[in-house]
Amino acid sequence: MKKVERINIIMRYINNRSHFTISEIMQEFSISRSTAIRDIREIEGMGMPLVAEVGRDGGYSVMNNSVLPTVRFTDNEIKALFIAFMATRNQQLPYLKSRQSLAEKLLGLISENQQDELVLLNQILLFEGTNPNNPDLLELSDLPHPILEKLIQALLLDSYLLITIKEEKEIISYPIYLLHLYREKNIWLIEGFDLKEEKRQIFPVDNLINVKPYPVKNRLSKKTILEKLNKQEEVINLVVELGPKAIAQFKKYHLLKVSISYTNPYQTTALLKTFINVNNLEELTEMINWLLFLGEDIKVKEMPQEVIERLNMRLNLYCP
């Protein structure tokens with residue numbers, strides 16, 4: 001952690017307490033006594049009114065009516081925050097309702113000149129999902145499933161969850177240990193370890209109708225879950241070498257479970273290794289579509305026969 005970042009965090013820690021000691025600062029932030037003392041002195045020098053208390057159990061207290069120094073942003077920091085807001089419009093993100101109030105508070109902290117610059121940026125910058133005729137428009141279809149925020153709140157408290165999913169005409173509950181919550185192809189997905197079936201499963205958040213903590217007595221330990229997942233690791237059956245054009249395509253879009261490792265210092269060639277479940281028609285079709293999207297700048301090192309056959313079929317359709 002950088003010094004400036006550490007001091008800012010310590011200031012907030014101090015401001016929330018009426019009394020603290022050097023030992024508490026050392027333990028909380030894993031720093032030495034000399035570093036803690038230097039940081040406290042620097043904070044005092046920044047204007048925070050601290051009163052030293054003498055004696056064996058002495059420490060420091062914050063004078064009444066003291067507040068943290070005003071937070072100020074640089075021009076580049078303001079632009080970075082604002083552009084991040086713009087770029088994530090219409091992305092089915094949780095807590096979308098807080099975006100407007102957060103933007104208003106940000107604008108209230110900056111000067112009129114800085115506000116004018118942000119207005120200009122809003123007029124000239126367009127991102128995916130932005131309506132060019134009305135950049136501020138948020139479509140209802142772009143709002144996330146209302147249960148997404150409830151799910152996030154639940155997993156922040158506990159990764160062991162009982163989720164209830166509507167599957168066609170059935171309603172089924174799954175006890176899971178949540179591994180990841182991610183968004184792919186405009187759909188939020190839950191990747192979890194099914195505690196009953198003892199295997200990895202993927203669930204669309206849109207099908208979720210309820211979520212609650214899973215009883216402690218029925219849980220597997222995290223260590224046991226990871227051991228079982230390691231034993232179930234899929235064997236790699238697709239190996240592809242990517243050139244610079246294919247790497248550029250990869251950066252535009254790739255499946256979440258697929259990653260590449262660069263094979264030279266200039267990052268102009270890379271190796272892609274993954275597993276394709278050839279018995280899952282949907283996954284197989286999706287992978288073939290994506291390989292075609294990568295273009296001609298690839299060299300196949302290893303590929304299942306089923307993928308080769310389907311690729312040939314697709315190419316024959318394009319070039320009869």
Any donor-acceptor N or O pair under 3.5 Å, side chains N207, E167: no
Taking all non-hydrogen atoms of both residues into account, name the closest pair between H254 and F250 and its distance. ND1-O, 3.2 Å
Under 3.5 Å, sequence neighbours excluded: what are the donor-acceptor pairs made by side chains of residues 22-32?
from: E24; atom 1: OE1; to: T21; atom 2: N; distance (Å): 3.1
from: S32; atom 1: OG; to: S34; atom 2: OG; distance (Å): 3.2
from: S32; atom 1: OG; to: T35; atom 2: N; distance (Å): 3.2
from: S32; atom 1: OG; to: T35; atom 2: OG1; distance (Å): 2.9

Do Q201 and I176 have side-chain heavy atoms sitting under 4.5 Å apart? no
Approximate separation, where rounding is to 0.5 Å, of F82 CZ and L121 CG: 6.5 Å
Identify whether L161 and I225 are in the same connected component of the hydrophobic contact network (ILVMFWY, side-chain heavy atoms under 4.5 Å). no
Can you tell me if E283 and N277 form a side-chain donor-acceptor pair at under 3.5 Å? no
Look at the side chain of N237 and the backbone N and O of I276, then say whether any donor-acceptor pair between them is shorter than 3.5 Å. yes
Do L179 and I190 have side chains that approach each other closer than 4.5 Å (heavy atoms only, starting at C-beta)? no
R219/D158 ion pair, N-O < 4.0 Å: yes
If you define the side chain from C-beta out and look only at heavy atoms, does anything of R310 sit under 4.5 Å from L281? yes
Sub-3.5 Å donor-acceptor pair from the side chain of N264 to the main-chain atoms of T268, do we have one? yes
Does Y253 reach the main-chain N or O of F293 with its side chain, forming a donor-acceptor pair under 3.5 Å? no
Please check: side-chain N/O of Q232 versus main-chain N/O of E198, any donor-acceptor pairing under 3.5 Å? yes
Tell me whether I236 is reachable from V258 by hopping between hydrophobic residues (I, L, V, M, F, W, Y) whose side-chain heavy atoms are closer than 4.5 Å. no
same_hphob_cluster(V239, I298) at 4.5 Å side-chain heavy-atom cutoff: no
Is it true that atom CD of E302 has more than 12 heavy atoms of other residues, nucleotides or ligands lying nearer than 6.0 Å? yes
Assess the residue pair R200 and D194 against the criterion (salt bridge (Lys or Arg N to Asp or Glu O under 4.0 Å)); give the C-alpha distance rounded to whole Å, side-chain angles, the decisive distance to 0.1 Å, and a yes or no. CA-CA 6 Å; R200 190 191 306 265; D194 189 324; over 6 Å; no
Atom NZ of K273: over 12 foreign heavy atoms under 6.0 Å: no
